[in-house]
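Report on the structure given below.
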Amino acid sequence: MTTIDAQAAVAPLDFAVTRNLAAASPARVAEVLENPGFGVVFTDHMVDICWSLKGGWHRPRVQPYGPIPLDPAASVLHYGQEIFEGIKAYRHADGSIHTFRPDRNAARLQASARRLALPELPTEYFVESLRQLIAVDGRWVPSGADQSLYLRPFMFAKEAFLGVRAAQKVAYYVIASPAGAYFTGGVKPVRIWLSEKHSRAGRGGTGKAKTGGNYASSLLPQALASSKGCDQVVFLNEKNDVEELGGMNVVFVFKDGRIVTPESDSILDGITRDSLLQLAEDRGYTVERRAISIDEWREGVASGDITEVFACGTAAVVTPIGALVGEGFDEPQPIGELALSLREELTDIQYGRREDRHGWLLRLDA
Ligand code: PLP
Ligand code: COI
């Protein structure tokens with residue numbers, strides 16, 4: 001594992017840029033941006049930076065989007081040593097392009113790297129990798145309501161070696177995909193399946209890291225959820241405390257003005273959640289980050305103490321939870337106004353429609 005300190009001053013990277021000669025036509029870009037969906041179409045370029053134990057971070061490139069050459073023995077294919085991030089670029093009314101709290105995504109990628117024994121990408125390199133991609137693919141940032149360019153930085157072990165140890169050769173990439181609503185149908189309350197049989201992560205495991213394996217383990221319960229007519233799964237820990245959904249954090253609103261969200265070593269520290277809770281605190285709500293059991297959830301809804309439950313994350317932003325479904329029950333959830341009001345405030349900041357009083361935005365195209 002590397003001992004590189006991600007916060008230390010780093011030498012600037014000199015990116016070699018190779019333009020995509022087969023880039024999409026303006027008509028094709030316009031057609032995609034009309035109705036981008038989520039994660040289906042990718043921009044013309046990608047960024048990549050190599051890392052080796054001997055050479056550190058090197059060979060920064062912007063190159064045409066396309067298949068990645070990979071040795072069949074690359075350890076990511078066998079042992080899953082991989083991490084990723086999700087962050088968006090937003091177009092403001094004046095045409096400028098901004099991203100949201102990239103320092104937090106950089107820090108989380110570094111934390112994920114430590115857990116997965118991957119090298120830490122310095123924050124400056126992370127931010128510069130986003131700037132480089134926007135410099136060539138800025139035209140792919142949509143300007144429609146609730147649209148954005150979803151940026152997907154990721155890092156994996158590419159060393160061709162079947163011994164089980166941390167890889168000594170690693171690749172970091174950023175790809176981008178224009179995004180509309182994550183759930184088809186836009187913002188409408190989702191139905192959540194309570195996964196009692198499968199968990200996503202365990203104590204001391206990798207649940208706090210953004211690593212592919214966590215998502216792999218969520219796929220079977222997610223498929224089960226779909227078969228039960230649900231949009232997403234909610235996972236519990238071994239003590240029956242609520243953890244999170246497959247790709248979103250969960251927040252509970254109480255009628256006395258408290259907002260409770262799970263605190264645990266095995267869930268992702270969501271940047272959307274942190275930001276929404278900051279906005280709620282600014283409005284005078286009291287935020288409690290603590291364990292909340294599935295019994296407290298169900299009893300709180302039954303008694304009327306819980307007035308709203310919502311899910312949040314970069315891809316889905318804020319989505320009210322409309323029903324909690326499990327073996328033998330289907331419980332409607334109260335729908336309040338806070339989730340959508342916080343969603344509006346957050347997206348107003350992200351799209352430059354409201355003052356960025358916390359200094360969360362970073363302009364990428366200048
Ligand atoms: N939890 C999981 C498992 C996620 O995949 C995500 C999405 O990134 C989140 C929570 C929310 O995190 P963020 O708000 O930083 O996107
Ligand atoms: C995100 O919100 O960025 C995520 O990573 C969630 C999902 C698309 C995996």
Side-chain angles (χ1 to χ4, degrees), residues 36-40 42 82-90 99-112 115-116 126 130 146-155 174-184 187 190 192 195 198-202 205-219 221-223 225 231-237 242-251 261-280 289 309-319 321 339 342-343 346-347 349-350 360:
F38 182 84
V40 279
F42 297 90
E82 185 268 355
I83 56 177
F84 67 97
E85 269 305 322
I87 182 167
K88 285 173 168 174
Y90 307 89
T99 194
F100 186 73
R101 307 187 80 180
D103 51 320
R104 294 291 299 256
N105 292 85
R108 193 169 64 189
L109 189 70
Q110 289 151 12
S112 299
R115 181 62 183 85
L116 272 291
F126 179 84
L130 307 184
D146 290 332
Q147 294 184 337
S148 59
L149 184 66
Y150 183 78
L151 302 164
R152 172 54 65 86
F154 60 105
M155 191 191 292
V174 190
I175 56 172
S177 175
Y182 182 70
F183 292 110
T184 47
V187 190
V190 290
I192 302 293
S195 180
H198 302 105
S199 45
R200 170 185 175 275
T206 58
K208 211 175 177 61
K210 206 160 167 64
T211 180
N214 294 339
Y215 298 81
S217 71
S218 77
L219 299 178
Q222 176 63 45
D231 307 279
Q232 274 276 330
V233 193
V234 61
F235 292 102
L236 304 179
N237 68 10
V242 179
E243 295 250 279
E244 60 183 331
L245 310 191
M248 276 171 276
N249 292 118
V250 198
V251 176
T261 192
E263 173 99 315
S264 144
D265 284 347
S266 46
I267 65 175
L268 199 75
D269 202 359
I271 297 157
T272 313
R273 173 175 73 157
D274 185 74
S275 310
L276 293 166
L277 295 181
Q278 178 66 60
L279 297 178
R289 295 166 200 269
V309 189
F310 64 88
C312 54
T314 298
V317 197
V318 175
T319 306
I321 294 180
L342 288 174
R343 179 191 167 102
L346 180 72
T347 54
I349 294 170
Q350 290 169 332
W360 285 337

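Just so you know, ligand 1 is whichever comes first in the structure, and atom 1 is the first atom listed for that ligand.
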Could you find the nearest protein heavy atom to [atom] and give me its residue, atom name and distance?
| atom | result |
| --- | --- |
| atom 5 (O) of ligand 1 | Tyr215 OH, 2.5 Å |
| atom 1 (N) of ligand 1 | Glu244 OE1, 2.5 Å |
| atom 12 (O) of ligand 1 | Gly270 CA, 3.4 Å |
| atom 6 (C) of ligand 1 | Gly247 O, 3.2 Å |
| atom 14 (O) of ligand 1 | Thr272 OG1, 2.6 Å |
| atom 16 (O) of ligand 1 | Thr314 OG1, 2.6 Å |

Quiz prompt | Test of proximity, Tyr215 against ligand 2: N or O pairs below 3.5 Å | solution = no
Quiz item: Based purely on interatomic distance, does Ala315 place a nitrogen or oxygen under 3.5 Å from a nitrogen or oxygen of ligand 2?
Solution: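 Yes: some nitrogen or oxygen of Ala315 is under 3.5 Å from one in ligand 2.
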Quiz item: Does ligand 2 have an atom that lies less than 4.0 angstrom from a heavy atom of Met248?
Solution: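 No.
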Quiz prompt | ligand 2 contact by Arg152, heavy-atom criterion under 4.0 angstrom | solution =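 Flag set, Arg152 near ligand 2.
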Quiz item: Got a sec, which residues hit side-chain contact (heavy atoms from CB on, under 4.5 Å) with Gln278, two or more places apart in sequence or on another chain?
Solution: Glu281, Asp282, His358, Trp360
Quiz item: So, is Leu268 polar-close to ligand 1, with some N/O to N/O distance under 3.5 Å?
Solution: no
Quiz prompt | Any donor-acceptor pair under 3.5 Å from Asn249 side chain to Gly270 backbone | solution =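 Looks like yes, one N/O pair under 3.5 Å.
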Self-check item: Per-atom contacts, ligand 1 versus Gly246 - under 4.0 Å to a heavy atom
Solution: 3 (C)
Quiz prompt | Arg108: numbered ligand 1 atoms lying under 4.0 Å from its heavy atoms | solution =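 Counting from 1, the qualifying ligand atoms are 12 (O), 13 (P), 15 (O).
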Quiz item: When you check the gap from the basic side-chain N to the acidic O, do Asp274 and Arg289 get nearer than 4.0 Å?
Solution: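 Between Arg289 and Asp274 there is a salt bridge, with a charged N closer than 4.0 Å to a carboxylate O.
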Quiz item: Among Lys210, Arg108, Arg104, which one satisfies side-chain hydrogen bond (donor to acceptor under 3.5 Å, both in side chains) with Glu85?
Solution: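 It is Arg108; the other options fail the test.
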Exercise. Considering non-hydrogen atoms only, spot the tightest contact between Val250 and Glu244 and give its length.
Key: CG2-CA, 3.8 Å
